[in-house]
Amino acid sequence: MPAVEIKPDIYWIGVNDRTTDLFEGFWPISRDGVSYNSYLIKDKENAIIDLSKAIKTDIFFDHIAEVIDISQINYVIINHMEPDHTGVLRTLRKLAPDLTILCTEKAKTMLKDFYAITTNIEVIRDGQCLSLGRKELKFFETPFVHWPETMVTFETSQNILFSCDAFGGYGALRGTIFDDQCNDLDFYIKESLRYYVNIVAKFSRPTLNAIEKLKRVPVEIIAPAHGLIWRKQPGLIVELYKKWAGYATGEAEKGVTLIYGSMYGNTEMMMNSVALGLSHGGIPVDIFDAARTHPSYILPSLWTKSAVVIGAPTYEVGLFPPVAQILEMAALKRVINKKAAMFGSFGWSGGALRAIKNIIEPLKWDLADIFEFQGGPTLKDLKKGHEFGVEFAKKVLSFKKS
Ligand code: FEO
């Protein structure tokens, strides 16, 4: 994709990444990719807002060269230091050695730690403005959205908020960079939720603080560092982020995330009976085989649904490892206050239940129902599993988050 003019003299100069397999070295993006959106403002003085990961660097520098000579860059604004937005910084400084980096005090320290950069840095204060000539930029600190040094940049002539990670999402850009030209908004909303829960959710309180802080800023376009630019419906992505951040402590959607693992199919047989019971009980169910589904795809359900059913066999007097892994990830991401139930098979001794309790008790999950059985389930066990599902669905439907 070539550089795209968003408004007069304001350009998208980002990079579409469809070759990185794992975002942050962990989260799968091999199917749909991600974009690193960077922006160039051409004025008496020229500024670039956020950069790109050090990938496809020729494309990134070609984008700049489509608009101005690289040596004419006066400022690079680092909203956020994570290398998906700063990876090309050292190379850029070699090409434009006189440019000044604008960033927060914390980012200045990180510039030294990550890149050994200590010169040509100007620290900005919260609320400070910078005139480029005809255009003006205003900076707002938004700590922990996503790292402590983060800020956002507001362009005052066109009312564009360059929000970096905030309001971003996975998914490489599919031809257009704008929400109003996108024919599959549902895809980007789904990938924005996955991105939010994988990357930002632990910082939901700071996210809500940032939204509150910016609510009087007259934003007309939201230009994040990942995913679509929201120029038709900027309020949509803000409201979605607000809703998702609210799930950290508030009421989630009535529904069940059923996570299971099975060594020889016994717990899986029971899972089908329990799922049938949950459905007959009138509650929506998302089902995930923990051994075959990356946590990246399970976490959005865990985050947005009010209840969890864990189906896991005992494994070496403990919890089946793939299920343990997703529960530990839920703990890391602070998925708290869920209604929960557990079922599973054991061979000669239990152990899974104790391990589950150890993980979920600090998360304040209310373990309402437990159903363990030995070896393969009998027909009677399966009927019991169905009833277990029906009864738990009733509890979920009446559950109020405290
Ligand atoms: Fe897109 Fe926190 O980096």
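In this text, all values refer to a predicted model and were calculated from it rather than measured experimentally.
- When all heavy atoms of Val67 and Ala3 are compared, the closest pair comes out as CG2-CB, 4.3 Å.
- Within the structure, every pair that satisfies the salt bridge (charged side-chain N to carboxylate O under 4.0 Å, His left out) test and touches residues 149-178, not counting sequence neighbours, is listed here: Asp32-Arg174, Arg174-Asp184.
- Using a 4.0 Å cut-off between a side-chain N of Lys or Arg and a carboxylate O of Asp or Glu, Glu105 and Lys108 do not qualify as a salt bridge.
- The aromatic ring centres of Tyr247 and Trp244 sit 6.0 Å or more apart.
- Using a 4.0 Å cut-off between a side-chain N of Lys or Arg and a carboxylate O of Asp or Glu, Asp366 and Lys339 qualify as a salt bridge.
- Using cut-offs of 30° and 60° for the angle between ring planes, the His294 and Tyr297 rings count as perpendicular.
- Evaluation of the salt bridge (charged side-chain N to carboxylate O under 4.0 Å, His left out) test over residues 278-305, restricted to residues two or more places apart or in two chains, returns Glu253-Lys305, Asp286-Lys305, Asp289-Arg292.
- Pairing each heavy atom of Ser163 with each of Ile222, the nearest pair is OG-CG2, 3.7 Å.
- Aromatic ring orientation, Phe162 versus Tyr39: tilted (interplanar angle from 30° to 60°).
- The heavy-atom pair separating Ser38 from Ile48 by the smallest distance is OG-CG2, 3.5 Å.
- Residues that satisfy the side chain to side chain contact (heavy atoms under 4.5 Å, CB included) test with Lys333, not counting sequence neighbours, are Trp27, Leu299, Met329, Val335.
- Ionic pairing of Lys394 and Glu391 is present here: one or more N-O contacts between side-chain nitrogen and carboxylate oxygen are shorter than 4.0 angstrom.
- Counting only heavy atoms from C-beta outward, the side chains of Phe61 and Val88 approach each other to under 4.5 Å.
- Annotation: Phe114 is in aromatic contact with Trp147 [ring centroid separation under 6.0 Å].
- Note on ring orientation: taking the six-membered ring where Trp is involved, the planes of His80 and His85 are tilted (angle from 30° to 60°).
- Applying the side-chain hydrogen bond (donor to acceptor under 3.5 Å, both in side chains) test to residues at least two apart or on different chains, the pairs with a partner in residues 201-213 are Asp126-Lys213, Tyr196-Ser204, Arg205-Asn209, Glu212-Lys215.
- Phe60 places none of its side-chain heavy atoms less than 4.5 Å from the side chain of Ile55.
- In this structure, the side chain to side chain contact (heavy atoms under 4.5 Å, CB included) partners of Lys7, at least two apart in sequence or on a different chain, are Ile10, Gln158, Ile160, Ile221.
- For the pair Arg90 and Tyr115, the NZ or CZ position fails the cation-pi test of under 6.0 Å to the six-membered ring centre and within 45 degrees of the ring normal.
- By the 6.0 Å contact criterion, CG on Asp113 is enclosed, its count of non-hydrogen atoms from other residues, nucleotides or ligands being greater than 12.
- Evaluation of the side-chain hydrogen bond (donor to acceptor under 3.5 Å, both in side chains) test over residues 256-279, restricted to residues two or more places apart or in two chains, returns Thr257-Ser301.
- Relative ring orientation between Phe144 and Phe203 is described as parallel, the plane-to-plane angle staying below 30° on a 0-90° scale split at 30° and 60°.
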